[in-house]
There are 2 protein chains.
Amino acid sequence: MTKAPIPPMNPMDPRGLAEETAARLRADVIAGHFRPGQRLSEMRLAADLSVSRNTLREVFRLLTREGLLVHAPNRGVSVAVPSMAGVLDIYRVRRLIEVPALAQAWPRHAAVPRMAEAVTEAIAAQAAGDWRRVGSANMAFHAAIVALTDSPRLIAFFAQAVAELRLAFGLLDSPEQLYAPFLHENSIILDLLTAGETAEAATRLASYLDRSERVVMTAFARLENGALRG
Amino acid sequence: MTKAPIPPMNPMDPRGLAEETAARLRADVIAGHFRPGQRLSEMRLAADLSVSRNTLREVFRLLTREGLLVHAPNRGVSVAVPSMAGVLDIYRVRRLIEVPALAQAWPRHAAVPRMAEAVTEAIAAQAAGDWRRVGSANMAFHAAIVALTDSPRLIAFFAQAVAELRLAFGLLDSPEQLYAPFLHENSIILDLLTAGETAEAATRLASYLDRSERVVMTAFARLENGALRG
DNA sequence: GGACCTTAAGTTGTTCAACAATCAATTTGA
DNA sequence: TCAAATTGATTGTTGAACAACTTAAGGTCC
């Protein structure tokens with residue numbers, strides 16, 4: 001009699017109402033349905049989401065750990081306010097993880113097809129003018145790059161950082177400026193990888209991240225100036 | 001009239017009963033008070049910790065996210081069972097984060113004194129024969145290395161990985177074999193850093209991690225063989 | 001005798017209701 | 001006008017209840 005060693009566990013697909021609701025609220029937050037810094041009332045949000053206050057509290061713990069919400073004791077949770085320091089930190093993490101992941105990648109890794117899918121999906125979404133879908137596809141591309149490492153911890157950590165970054169992107173207007181110049185770059189990086197030119201692909205990705213960071217930071221600085229002036 | 005922008009929030013020090021209890025349970029798990037894979041009954045553990053079942057559930061969420069506990073739906077949570085694959089992954093993460101952190105470090109960073117404190121603490125604990133304290137000090141040394149980056153995300157991520165690693169260490173007997181050969185190495189790395197020889201310090205740390213990984217993995221393999229036979 | 005179904009006990013998942021603790025705003029008082 | 005006290009609302013925590021599920025035991029049928 002052999003006992004099943006480990007019950008399969010994928011933290012992404014919803015197990016139970018709490019994580020299911022967490023996925024729903026996470027999508028809402030990333031989509032910008034709440035203003036940054038907005039306080040989330042437990043009673044009211046629990047009613048809106050049709051879950052109990054206890055379950056919503058578990059959801060809050062989840063998303064607070066992910067950096068999408070912030071928790072002030074006895075004052076409840078509110079949507080995180082992205083900062084330039086935070087964006088800078090996230091890009092640093094991206095560079096640290098993504099570039100070596102690509103440099104040491106095996107060109108026939110199982111994640112490569114996922115990168116290809118993300119590229120075509122991004123192009124299709126761009127043609128359809130759906131910039132939110134473009135953003136999702138772009139992030140899926142980079143998540144696939146990290147998946148090249150086969151490291152569960154790096155993958156989870158990166159997913160978290162990306163979620164925070166998308167929250168920051170939601171603040172900026174004209175998202176097409178953010179993604180449009182980089183879609184073709186993804187395709188080039190993918191080609192270099194499949195051709196086995198991993199070193200070339202890695203340097204290309206590094207410059208990609210540098211430019212992307214600069215674009216985002218300037219847009220962010222413009223936004224903060226505007227917010228300060230009024 | 002200026003309103004206080006953000007109330008300070010450090011997730012490490014206990015705010016509220018849940019995080020306080022989480023710290024308590026985390027220490028128990030790392031100290032090896034539970035067998036790996038042991039199921040944790042909600043009712044019983046809630047009674048032992050003198051908290052309600054709801055609060056304990058929030059604690060479970062916390063520690064599950066940290067990788068110390070695993071959650072099986074409708075079957076509750078159990079203590080994570082460290083695996084060789086997991087240890088390998090953690091060392092990979094350590095190399096990826098620690099080595100660049102040291103290479104790019106500023107020799108007069110605020111975290112350098114913390115590294116020095118950790119070194120002296122480890123030596124004192126070694127003299128006292130308190131190997132658990134040696135382990136804590138050693139991990140504090142490496143946490144300080146990561147703190148050189150000033151990246152909140154990297155610091156939090158690394159702390160999590162280190163907690164998992166200590167859980168794995170708890171399985172092994174003869175912990176003195178794990179730490180003893182490396183205490184002096186810490187001191188050398190610190191000296192190199194303060195002397196401004198960051199590149200030298202980084203390569204030294206890299207070889208440190210390689211050797212440490214090898215020691216831990218062989219001890220782990222011996223353990224798994226013994227577990228299978230006995 | 002062994003495999004399969006059924007039942008039963010125990011545990012987890014979720015909700016509800018209550019109360020204490022804390023914070024924000026308003027009112028009161030000098 | 002400014003400071004202190006009160007009020008109102010929200011969060012923090014607990015306890016109990018019930019449904020859903022897992023597991024183990026017991027019984028039935030071949």
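Residue numbers start from 1 in every chain, and the chains themselves are labelled A, B, ... in the order their sequence lines are given, proteins ahead of strands.
Relative ring orientation between A/Phe169 and A/Tyr179 is described as perpendicular, the plane-to-plane angle rising above 60° on a 0-90° scale split at 30° and 60°.
A salt bridge does not link A/Glu213 to A/Arg92: none of the charged nitrogens lies less than 4.0 Å from a carboxylate oxygen. Taking a cutoff of 4.0 Å between a charged side-chain nitrogen and a carboxylate oxygen, A/Arg61 and B/Glu19 qualify as a salt bridge.
A donor-acceptor pair is defined here as one N or O able to donate and one able to accept, closer than 3.5 Å; no such pair exists between the side chain of A/Arg153 and the backbone of B/Ala161. The main-chain N or O of B/Arg214 is found under 3.5 Å from a side-chain atom of B/Thr218 such that the two form a donor-acceptor pair.
Residues passing the salt bridge (charged side-chain N to carboxylate O under 4.0 Å, His left out) test with A/Glu121, sequence neighbours excluded: A/Arg133. Judged as a side chain to side chain contact (heavy atoms under 4.5 Å, CB included), and not counting sequence neighbours, the contacts of B/Pro36 are B/Val81, B/Pro82, B/Leu171. In this structure, the ring-ring contact (aromatic ring centres under 6.0 Å, His included) partners of A/Phe182, at least two apart in sequence or on a different chain, are A/Tyr208. Not counting sequence neighbours, the partners of B/Arg35 by the side chain to side chain contact (heavy atoms under 4.5 Å, CB included) test are B/Gln38. By the side chain to side chain contact (heavy atoms under 4.5 Å, CB included) test, A/Ala110 pairs with no residue at all, sequence neighbours left out. By the side chain to side chain contact (heavy atoms under 4.5 Å, CB included) test, B/Val162 pairs with B/Met139, B/Phe158, B/Arg166, sequence neighbours left out.
The phosphate of C/dA24 has OP1 or OP2 within less than 4.0 Å of a side-chain N or O from A/Arg75.
Overall bending of the helix from C/dG1-D/dC30 to C/dA30-D/dT1, expressed as the angle between end axes built from five pairs apiece, is 0° (10° steps).
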Please tabulate, one pair per line, all N/O donor-acceptor pairs under 3.5 Å involving side-chain atoms of residues 40-47 of chain B, not counting sequence neighbours.
| unit_1 | atom_1 | unit_2 | atom_2 | d |
| --- | --- | --- | --- | --- |
| B/Ser41 | OG | B/Arg44 | N | 3.4 |
| B/Glu42 | OE1 | B/Arg53 | NH1 | 2.6 |

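Whole-Å rounding puts the A/Leu56 CG to C/dT15 P distance at 10 Å.
Mapping A/Asn74 and A/Glu58 onto DNA chain C by nearest heavy atom places A/Glu58 at the nucleotide closer to the 5' end.
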Each nucleotide N or O in nucleotides 16-19 of chain C that has a protein N or O under 3.5 Å away: list the pair and distance.
| unit_1 | atom_1 | unit_2 | atom_2 | d |
| --- | --- | --- | --- | --- |
| C/dC16 | N4 | A/Asn54 | ND2 | 2.5 |
| C/dA18 | N6 | A/Arg53 | NH2 | 3.3 |

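DNA chain C lies under 4.0 Å from at least one heavy atom of each of the following residues of residues 33-43 of chain B: B/Arg39, B/Leu40, B/Ser41, B/Glu42, B/Met43.
If you walk DNA chain D from 5' to 3' and mark each nucleotide with an atom closer than 4.0 Å to a heavy atom of chain B, the marks span D/dT13 to D/dT23.
Pairs passing the ring-ring contact (aromatic ring centres under 6.0 Å, His included) check and including a residue from residues 26-64 of chain B, sequence neighbours excluded, do not occur.
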